[in-house]
Protein chains: 4
Amino acid sequence: MATNKREDILQAALLLFTERGFDATTVPMIANNAKVGAGTIYRYFENKEVLLNCLFQECVQRFFNTIRQGFPGSGTVRQQFHHIFYQIVHFAKREREAFSFIDSHLNPRLLNEESQKMFNEFIDFMRVFLIKGQEQGIIYSLSPDALIPIFYGAVVKLLETARAGVIVETDELFAGVEECCWNAIRVH
Amino acid sequence: MATNKREDILQAALLLFTERGFDATTVPMIANNAKVGAGTIYRYFENKEVLLNCLFQECVQRFFNTIRQGFPGSGTVRQQFHHIFYQIVHFAKREREAFSFIDSHLNPRLLNEESQKMFNEFIDFMRVFLIKGQEQGIIYSLSPDALIPIFYGAVVKLLETARAGVIVETDELFAGVEECCWNAIRVH
Amino acid sequence: MATNKREDILQAALLLFTERGFDATTVPMIANNAKVGAGTIYRYFENKEVLLNCLFQECVQRFFNTIRQGFPGSGTVRQQFHHIFYQIVHFAKREREAFSFIDSHLNPRLLNEESQKMFNEFIDFMRVFLIKGQEQGIIYSLSPDALIPIFYGAVVKLLETARAGVIVETDELFAGVEECCWNAIRVH
Amino acid sequence: MATNKREDILQAALLLFTERGFDATTVPMIANNAKVGAGTIYRYFENKEVLLNCLFQECVQRFFNTIRQGFPGSGTVRQQFHHIFYQIVHFAKREREAFSFIDSHLNPRLLNEESQKMFNEFIDFMRVFLIKGQEQGIIYSLSPDALIPIFYGAVVKLLETARAGVIVETDELFAGVEECCWNAIRVH
DNA sequence: GATGAATGAGACTTCATTCAT
DNA sequence: AATGAATGAAGTCTCATTCAT
């Protein structure tokens, strides 16, 4: 009764978009899962595409906030990397679908400028981190535009695999994965 | 006349599926791009989903063949890694869309068992490679099911970024990326 | 506060029905323009169609009253015609939308019996006037059922054209139009 | 079999638009009456509004052609008027719905520029006729923009009334109506 | 074998109407 | 009494698939 229908719709859409993709998810499906009438969705979102972008922006916002929150700006590069890695894992564990959803819907055909800009803020954050690390001679001297997908791609695919249940998510696993990712981008 | 209509259809579908995704690609679009009638597609493929799976299997086949071909089974782990990495890059350069298409359509909702099995053969190949490397104390001791997405995710995202034009694909770049990926999975 | 909500709704509906037509006018549109809640409309009118008919009947009532009011029952046919013509013009000037609305919604699909009956009273009034004129040998000997649409059609179309701004509504214009209409139906 | 589906659709739409109006006519209704699938309509017309405009333009074309055809350009004004009047009646008799449809859908909300332009050609034709008559001192000296709606309105309403079955369409009737209309616009 | 016109199921979306507040 | 959020029936339109040519 006191539940927020807008939230219900976003939550239902998140699950369905993540599981089936935007195009294969119908508005009635979302309405059913959110337990609202189909027309209600249009009281909160102009259309399906706007719903996607609202959802995307909220997810990216929460994702990026999680990463920025408590970032050790004056710590070592290694400490900063540790923070980023564990906050990503933390977010992916707590908001399993949101994390998958973001990566699987990074599509200029679906996202408006605002959405793309918001995701790029995260990329910029990563770029700054990498460049500072390179200036200190700690991060490997490759274009950050290459290092970012290497690191981000590895983490996303790993967490996606974990989400699928292929591997068990233990602390040891993530410690090992962090090691791998750090080795991927640091100077040897 | 001597051109193979089946091939034309598969080629057109490959480009469209890669660029727009399966659901956002219509059969008439494929027919147009393949310069055949819409009905003709149904003489070669039972339906759109079967077409996708045929395409997927042919792409995975070519991808996997590229990697297996000339694999230095009796070389060092490092040499084997080099082979795998450069064959993936080679394939991605030569068959840009096929490589993107495979990763972006790894979806159990769309793929039949046969298709999934075929992709898993590649995963199994990678697993065997990693386990042998671990037995020799060269590859980092993490579950291969974790190492594979780390390596594969990094490569896919990097090549996808290159395909989008964000970074220029030079030999130096790929040499650097190989270094990163190798460092990610090797023992230190 | 002291304003009558029922009147506000009718007034808003009149403007919208006239400008857009019944089918293209939505209940929320009416509610917005009337500055009431959508649900409020249903406290005053059973449904949209009933609202239309109430509005129609009130408009026809006011229209017919304007014409009957001060009708020179014992004047000459020409004087009576003058009265009718100028009262129609007077009404159309004072209640621009009401006049347009009546003619544009003379549709048996939308109007109930009561509404049609009410409009027919005006037609009957015109018929009586014409027949009496014919009996005096002043009005042209054509079926009143033909003379009425000729006269009414001419006036309605003329006033509609004026409403659209194509011609400027001056006293000279209306004097000329009266002349035309009178010539149309009188004996020569 | 050999029937033209495009024609069937236009014919069905004409009947329904005339009887119910554009907004109250659904695409499935048109499809049913045309005995085609609903989707077929969209093979011939981009959307419902385009269908309306195509239909409108074809109707106006036929209407205007009927009037222009055999117009006695070098005859007397009275002869020209006779021609126009009888060709309108002729058209309205032969294409009952087309004639009603044109007048009832003269709505800038529905018609595109092309459609409006096409109808204005008819208006321009009438204007030229009236001005020439005025120059010869035969047509009443009122703005043609006022005379046109008077004449056109009278004829449309009369024919609409006849179409509704209120009056019987005899040659005598139309002779009388022509007399009325001519008297309405001529000099006395 | 090849075609593309035709189809109708099902998608997105609107809106008249209801009802809890 | 008044509201406006909520609903779902029904509208417009798309597209995978069929089939007569």
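The sequence lines fix the lettering, A, B, ..., with proteins before strands; numbering per chain opens at 1.
One interatomic measurement links the two molecules: CD1 of A/I30 to P of F/dT7, which rounds to 15 Å at whole-angstrom precision. Atom CG in C/L51 sits about 15 Å away from atom C1' in E/dC15, given to the nearest Å. Look at CG on C/L52: it is 17 Å from C1' on E/dT17, rounded to the nearest Å. The distance between atom CG of B/D23 and atom C1' of F/dT14, rounded to the nearest whole Å, is 14 Å. Atom CE in A/M29 sits roughly 18 Å away from atom P in F/dG8 (whole-Å rounding). If you measure from atom CD of C/E49 to atom P of E/dA16, you get 12 Å, rounded to the nearest angstrom. Taking atom NZ on B/K48 and atom P on F/dT17, their separation rounds to 8 Å, with Å as the unit. Between C/N47 atom CG and E/dC15 atom P the separation is 17 Å, expressed in whole Å.
Side-chain N or O atoms of C/S100 include none that pairs as donor or acceptor with a backbone N or O of C/T18 at under 3.5 Å. A distance-only check finds no donor-acceptor pair linking the side chain of A/Q11 to the backbone of A/A34 [under 3.5 Å]. Distance alone, capped at 3.5 Å, is enough to place a donor-acceptor pair between the D/T25 side chain and the D/L16 backbone. A donor-acceptor pair under 3.5 Å links the side-chain atoms of B/N53 to the main chain of B/L110, judged by distance alone.
Below 30°, between 30° and 60°, or above 60°: for C/F17 and C/F101 the angle between ring planes is below 30°, a parallel geometry. The aromatic rings of B/F99 and B/F63 lie tilted to each other, with the angle between the two planes from 30° to 60°.
Across the interface with DNA chain E, nearest-nucleotide mapping of C/E46 and C/A24 shows C/A24 to be the residue nearer the 5′ end.
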A correct 5'-to-3' footprint of nucleotides 1-8 of chain E, with B, S and - meaning base, sugar-phosphate only and no protein heavy atom under 4.0 Å, is SBBBBBBB
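For the pair A/M29/A/R20, a side-chain contact is recorded, criterion being any heavy-atom separation below 4.5 Å from C-beta on.
Applying the 4.0 Å criterion to OP1 and OP2 of E/dT14, one finds that A/Y42 has every side-chain N and O outside that range.
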For DNA chain F, what is the dot-bracket line, given that a base pair needs Watson-Crick (N1 to N3, plus N6-O4 or O6-N4) or G-U wobble (N1-O2 and O6-N3) geometry with both distances under 3.5 Å, and | means paired with another strand?
.||||||||||||||||||||
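Minimum heavy-atom separation, B/I9 to B/V36: CG1-CG2, 4.1 Å.
In this structure, A/K48 is positioned above the aromatic face of A/F22, its NZ or CZ under 6.0 Å from the six-membered ring centre and within 45° of the axis.
Residue D/V27 is classed as a sugar-phosphate contact, given heavy-atom separations below 4.0 Å to backbone atoms only.
Candidate nucleotides F/dT12, E/dT13, E/dT17 were compared by shortest atom distance to the side chain of D/T26, and F/dT12 ranks first.
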